Amino acid sequence: MTSTPRERLSSTARELLDSATAELAPKHANPLVPLVADGGADRRALAALALEQCRIIPADRRSFLHLAARSADAGLPACAAFFAALAEGEDVALDRLGPLLTACGVDAEQAAAYVPTAGCQAYPAYVAWLALNAEPADAVLALTANFAAWGGYCGALARALREHYGFADEACGFFDFFAGPAPDLDRATLAALQEGIDLERLTPTTALRQGRLLQDYEEMFWGTLAGLA
């Protein structure tokens, strides 16, 4: 598809999202999740995952709030609602990190002293770039297509932590949250994408480029953690 300043789209929001999700499916097998699923991952990797998320979640929340504000200023109320919903979800996720850290044997002093890794923090750094530079509707498509794989990984981790590591339900709540169905967010996603289509504010080729970078940065996240496993 040839990119133009504004691509005229005949697709519906659902068609566009399904196509983007298929195109942006992970190219490589996750290097960490199968190790956890078999019970063979070192707990240091699990602790590092939780500690990295302590930095990622607040950063993403601020990025989503900025995108919500930019969307509202641009006359894109459905996009604004989508990003506001994402920010609210980050609040829930942050509340659920505490029990996960405790189950991983991490106390408050260790959490405060932890030095995050570049490989894990590249993803939220790029989300912040999107918050400053991306067309909001493009960011909706890029982020949502990437979320599909993340939800599957979280579901597998939640099951494995219960089965092989003896984590209680509360300790798995962070992963359960992202793995569970989110019908309200699904509706908000489709509304935001349809708004972008209708107002010609969505450029799929640009959104896919952004989505591919998100995918690559997520692979860096998992690869970095797998090095500890």
Side-chain angles (χ1 to χ4, degrees), residues 1-21 23-24 53-95 97 116 120-151 177-178 182-218 221:
M1 182 184 298
T2 301
S3 178
T4 62
R6 287 283 181 263
E7 294 173 5
R8 293 187 178 277
L9 302 175
S10 59
S11 307
T12 66
R14 172 55 68 187
E15 290 168 342
L16 184 62
L17 179 58
D18 289 347
S19 175
T21 300
E23 185 164 346
L24 295 176
Q53 289 295 334
C54 288
R55 275 68 174 182
I56 293 171
I57 295 295
D60 282 353
R61 178 182 179 276
R62 287 190 289 272
S63 294
F64 297 148
L65 289 173
H66 188 70
L67 277 162
R70 285 185 57 216
S71 299
D73 290 344
L76 299 168
C79 287
F82 168 81
F83 289 117
L86 288 187
E88 290 175 4
E90 298 301 310
D91 286 333
V92 175
L94 189 61
D95 287 342
L97 270 179
C120 289
Q121 296 300 315
Y123 183 99
Y126 186 62
V127 173
W129 186 95
L130 292 176
L132 292 173
N133 297 285
E135 178 71 38
D138 290 346
V140 173
L141 184 59
L143 287 162
T144 305
N146 179 258
F147 288 161
W150 166 253
F177 173 68
F178 286 111
D184 290 342
L185 183 60
D186 291 343
R187 285 189 288 270
T189 301
L190 294 176
L193 291 175
Q194 195 62 52
E195 178 180 71
I197 292 170
D198 294 342
L199 298 179
E200 298 184 14
R201 299 292 297 274
L202 197 160
T203 307
T205 50
T206 299
L208 288 172
R209 283 198 298 269
Q210 295 166 350
R212 288 189 188 98
L213 282 171
L214 285 171
Q215 179 194 72
D216 289 345
Y217 291 136
E218 182 167 352
F221 172 85

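Quick caveat: nothing in here was measured; it's all calculated off a predicted structure.
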### Query
Does some side-chain heavy atom of F82 sit less than 4.5 Å from a side-chain heavy atom of L67?
no
### Task
Enter the distance from C79:SG to E135:CD here, rounded to the nearest 0.5 Å.
8.0 Å
### Nearest heavy atoms of A139 and A134, plus distance in Å
CB-CB, 4.2 Å
### Message
To the closest 0.5 Å, what do you measure between CG (L130) and CG (D60)?
### Response
10.0 Å
### Query
Taking all atoms of both residues into account, what is the closest heavy-atom pair of E195 and P77, and its distance?
OE2-CD, 3.0 Å
### Query
What distance separates L202 CG from L76 CG, expressed to the nearest 0.5 Å?
10.0 Å
### Heavy-atom check, side chain of W150 versus side chain of L214, under 4.5 Å
no
#### Entry: Reported CG-to-CD distance for the pair L17 and Q194, which is rounded to 0.5 angstrom
11.5 Å
### Task
Could I get the full list of salt bridge (charged side-chain N to carboxylate O under 4.0 Å, His left out) partners for D184, not counting sequence neighbours?
R187
### Message
What's the separation between atom CZ in R14 and atom OG in S19, rounded to the nearest 0.5 Å?
### Response
12.5 Å
### Summary
Separation between CG (L132) and CZ (R70), nearest 0.5 Å, reads 7.5 Å
### Query
Are the side chains of R212 and E23 in touch, meaning some heavy atoms are under 4.5 Å apart?
yes
#### Entry: Close side-chain approach of D186 and L190, heavy atoms under 4.5 Å
no
### Message
Please tell me whether D138 and Q210 have a donor and an acceptor in their side chains that are separated by less than 3.5 angstrom.
### Response
no
#### Entry: Which atom of A68 lies closest to which atom of A84, heavy atoms considered
CB-N, 4.0 Å
### Side chain proximity check, T203 to R209, heavy atoms < 4.5 angstrom
no
## Note on the structure
On a heavy-atom basis, the closest approach of V127 and F64 is CG1-CE2, 4.0 Å
### Query
Residues in ring pair (Phe, Tyr, Trp, His ring centres under 6.0 Å) with F147, at least two apart?
none
### Query
Between L16 and I197, what is the shortest heavy-atom contact and its length?
CD2-CD1, 4.1 Å
### Task
Please report the shortest heavy-atom distance between L24 and G211, naming the atom on each side.
CD1-CA, 3.7 Å
#### Entry: Which residues share a ring pair (Phe, Tyr, Trp, His ring centres under 6.0 Å) with Y217, sequence neighbours left out
Y126
